[in-house]
Undergrad: 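One structure is given below, represented as structure tokens, and several questions about it will come after.
These values consider heavy atoms only, across backbone and side chains, with no hydrogens, waters or symmetry-generated copies. Below, chain A is the first sequence line, B the second, and so on; all start at residue 1.
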Amino acid sequence: MRVSKLFGKTIREVPADADTISHQLLLRAGMISQLASGIYSYLPLGYRVLRKIEGIVRDEMNRAGGQELHMPVLQPLELWQQSGRAQSMGRVLFTLYDRREHALALGPTHEEVITHLASRYVKSYRDLPLLLYQIQTKFRDEPRPRGGLIRVREFAMKDLYSFDTDEAGLEISYQKMVQAYENIYRRCGLPVMLVEADSGAIGGKDSREFMAITESGEDEIIYCPDCRYAANMEKAVAVKGQIGGSEPLPVVEVATPGMGTIEEVAGYLGIPANRTLKAVFYVADGALVFAVIRGDLTINEVKLKNQLHATELRMATEAEVTGAGIVAGAASPVGLKGFRVVADDSVTTGTNFVAGANKPDTHLKNVNYPRDFTADIVADIATARAGDRCTRCGGTLRATRGIEVGHVFKLGTIYSAKFGASFIDEKGETRPTVMGCYGLGLGRLMAAVGEYNHDEKGIVWPLSIAPYHVYLCPLFREGSRVTEVAEKLYHELEAGGIEVIYDDREESAGVKFNDADLLGIPFRLTVSPRTLEKEGVELKKRTEKDAEIVKLTEVVTRLRGLISA
RNA sequence: CGGGGUGUGGCGCAGUUGGUUUAGCGCGCAGCGUUUGGGACGCUGAGGUCGGAGGUUCAAAUCCUCUCACCCCGACCA
């Protein structure tokens, strides 16, 4: 490819709208172009990177035994109503109407379609196990697209679905996918952390995410450096400890004038926050819910939502709280009636807490569970924090941020049961297939590589996914043989199977070098009068500062060696 | 959806406080010439409904109202 003919231009200045590194660099390199919020074009260079990633993904899926197919983007909305996700996905689902006023959805994922498909063709245990996948465009009307390619509304995703006869089979398929994913990230030069993830209210047993660790990541991860426990913040657990071992004392009312928050009450009474109980109000699917947790902890809304099996959860408004007869600032689980109470298990592992009295400026001392109050649900609904103890080994947990670049998920029979995807086993019994699903966003992976692998000059693409292997850079000089030699070399390199981008522009050295760096091409070849004195070209790696002179006659062989290594 | 911010040639910005003359600057783009090892220089030139609609006024990029788009922070996901 000649730079003079390449569609897309590099730009010097950072576009004002981009503040994520990968976004800035991809834009500057002329690899992507935004059309609307969360909707991008891939220009030729960017598309080459995307397709190389796609190639690696396809290769690993095939190696793992996957069969590639292609499902429709356009899907009857009924299918989504049948699974119940028309509701639970909410407005993320793009919907439209055909000329007969028939509702259709643009596929955000394909569990419904694939299960429907499997129900037609899988009939016997002899048809299983089965790994089916596709690489295809998904549509999700995200509430907030962000970070360039990191979170978009239209994107290429590889989604694989596994079908097995039983849990043991699913485990094998699942492990195959975990292994395949690890291969993919390694081949793309991206280190990842496999973390436990929330599987949502819909169920499913085991859900893990592959996280690329970077500051610009959207997710917070809690991990233990000692035992390698790692989990998404929304799922992470930590030791809460036993508070107070004393015998329960009788409840006493105390005046707490003007004290509303936990800090104020604890400070006023001269006790630590972990000797108090905190009450928080939520509205879950329209119903008021009362959540209680030890004062020093905070509620994890994802955990709470799962405990309630709610599809929508939000904090209650002040009006809703007072309307229910609750005194804000002195809310109490004691004597509470009329709504569901969810208590964090921390309230059961302590005695003589201070809680609200549900009277203005008044709190209760020596509140004990279950003597003074009970809950409909007692479970872990607390947020784990860095510095907490690990529940597995007692080590100290740490926090970091990451980009979710893949998700593997044991679905079980949720979909197969709903869509009648069953088979007849060896004994002649009909059973639903046991499913798993495995998603990987291609553009997101591309962005994550950029976040991880760049310097002040540009993204440093690993050879495996770089748009071209070699940047051929003649330094123009009238009357010299630079151009002649470069043209010849260009053809020789191409003939030798090397992907080369040839900067045939009459630009100054600085411009060309900076563009070579910005595009992140792994090898740069410079041809100039200086190198021709030695009948050679200069070879420089993008990752290294120093260069070497290679004889003209040896360049192609040398590069082939480097590229196949 | 809540909170914050920005819309002025392809890109980055100034001009808006305090109304009015041909709306500027840098980069990029086109032409000519001089240059050529880390973003060269000179001259010439093209390119703008000032996001949109309505209003106030002798006069609006600038003031008022409405609206749209995009970005960032939060609740969701590959």
Undergrad: One character per nucleotide, please: for nucleotides 34-49 of chain B, 5' to 3', B when the base has a protein heavy atom closer than 4.0 Å, S when only the sugar-phosphate does, - otherwise.
TA: --BBBBS---------
Undergrad: Atom CD of A:Glu13 to atom C1' of B:G9: distance rounded to whole Å?
TA: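 Rounding to the nearest Å, CD of A:Glu13 and C1' of B:G9 are 15 Å apart.
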Undergrad: Of A:His110, A:Lys158, A:His70, which meets side-chain hydrogen bond (donor to acceptor under 3.5 Å, both in side chains) against A:Gln134?
TA: A:His110
Undergrad: Would you indicate what A:Gly148 reaches in the nucleic acid, counting non-hydrogen atoms under 4.0 angstrom: base, sugar-phosphate, or nothing?
TA: nothing
Undergrad: Side chains of A:Trp80 and A:Gln75: donor-acceptor distance under 3.5 Å anywhere?
TA: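 The criterion, which ignores hydrogens and geometry beyond distance, is satisfied for A:Gln75 and A:Trp80.
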Undergrad: Would you tell me if any nitrogen or oxygen in the side chain of A:Arg146 comes within less than 4.0 Å of OP1 or OP2 on B:C77?
TA: no
Undergrad: With a cut-off of less than 4.0 Å, is there a side-chain N or O of A:Arg144 near OP1 or OP2 of B:A75?
TA: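 Negative; the distance criterion is not met.
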Undergrad: Does A:Pro15 reach a base, just sugar-phosphate, or nothing at all? Heavy atoms under 4.0 Å.
TA: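 It contacts sugar-phosphate atoms only.
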Undergrad: Can you check the distance between B:C13 and B:U8, where both ends of the measurement are the P atom (answer in whole Å)?
TA: 9 Å
Undergrad: Taking atom P of B:G10 as reference, at what distance in whole Å does atom CZ of A:Phe7 sit?
TA: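 Distance check: A:Phe7 CZ to B:G10 P gives 15 Å.
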Undergrad: Does the B:C71 base have a donor-acceptor partner in the side chain of A:Asp19 within less than 3.5 Å?
TA: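 No, the side chain and the base share no sub-3.5 Å donor-acceptor pair.
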Undergrad: Take atom CG of A:Asn300 and atom C1' of B:A75, then tell me their distance rounded to the nearest Å.
TA: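 Interatomic distance, CG of A:Asn300 to C1' of B:A75: 13 Å.
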Undergrad: From CE of A:Met61 over to C1' of B:A78, roughly how many Å is that when rounded to an integer?
TA: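 Nearest whole value for this atom pair: 13 Å.
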Undergrad: Just how far, in rounded Å, is P of B:A78 from CZ of A:Phe210?
TA: 13 Å
Undergrad: Under 4.0 Å, heavy atoms only, any strand: does A:Pro145 hit a base, just the sugar-phosphate, or nothing?
TA: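 The answer is sugar-phosphate, as A:Pro145 gets under 4.0 Å only of primed atoms, P, OP1 or OP2.
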Undergrad: So, does A:Ser528 use its side chain to make a donor-acceptor pair with the main chain of A:Arg530 at under 3.5 Å?
TA: yes
Undergrad: Any side-chain donor paired with an acceptor under 3.5 Å for A:Tyr40 and A:Glu154?
TA: no
Undergrad: Could you check which of B:A78, B:C1, B:G12 has an atom nearest any side-chain atom of A:Arg140?
TA: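 Given the options B:A78, B:C1, B:G12, the side chain of A:Arg140 is closest to B:A78.
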Undergrad: Check this for me, if you would: do A:Glu538 and A:Arg524 make a salt bridge, where the nitrogen-to-carboxylate-oxygen distance has to be below 4.0 angstrom?
TA: yes
Undergrad: Without decimals, in angstroms, what is the distance between A:Leu440 CG and B:C77 P?
TA: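 Those two atoms, CG and P, are 17 Å apart.
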Undergrad: Apply side chain to side chain donor-acceptor pair (under 3.5 Å) to A:Lys303 and list each qualifying residue two or more places apart in sequence or on a separate chain.
TA: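 So A:Lys303 forms a side chain to side chain donor-acceptor pair (under 3.5 Å) with A:Asp380.
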Undergrad: What is the distance, to the nearest angstrom, from the CD1 atom on A:Ile39 to the C1' atom on B:A69?
TA: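 It works out to 13 Å between those atoms.
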Undergrad: Using the side chain to side chain contact (heavy atoms under 4.5 Å, CB included) criterion, which residues pair with A:Glu54? Sequence neighbours excluded.
TA: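 If we apply the side chain to side chain contact (heavy atoms under 4.5 Å, CB included) test to A:Glu54, skipping adjacent residues, the hits are A:Arg51, A:Arg58, A:Ile135, A:Leu442.
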Undergrad: Contact class for A:Val14 vs. all strands (heavy atom < 4.0 Å): base, sugar-phosphate, or nothing?
TA: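 Sugar-phosphate, no base atom in range.
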Undergrad: Just how far, in rounded Å, is P of B:A69 from CG of A:Leu35?
TA: 14 Å
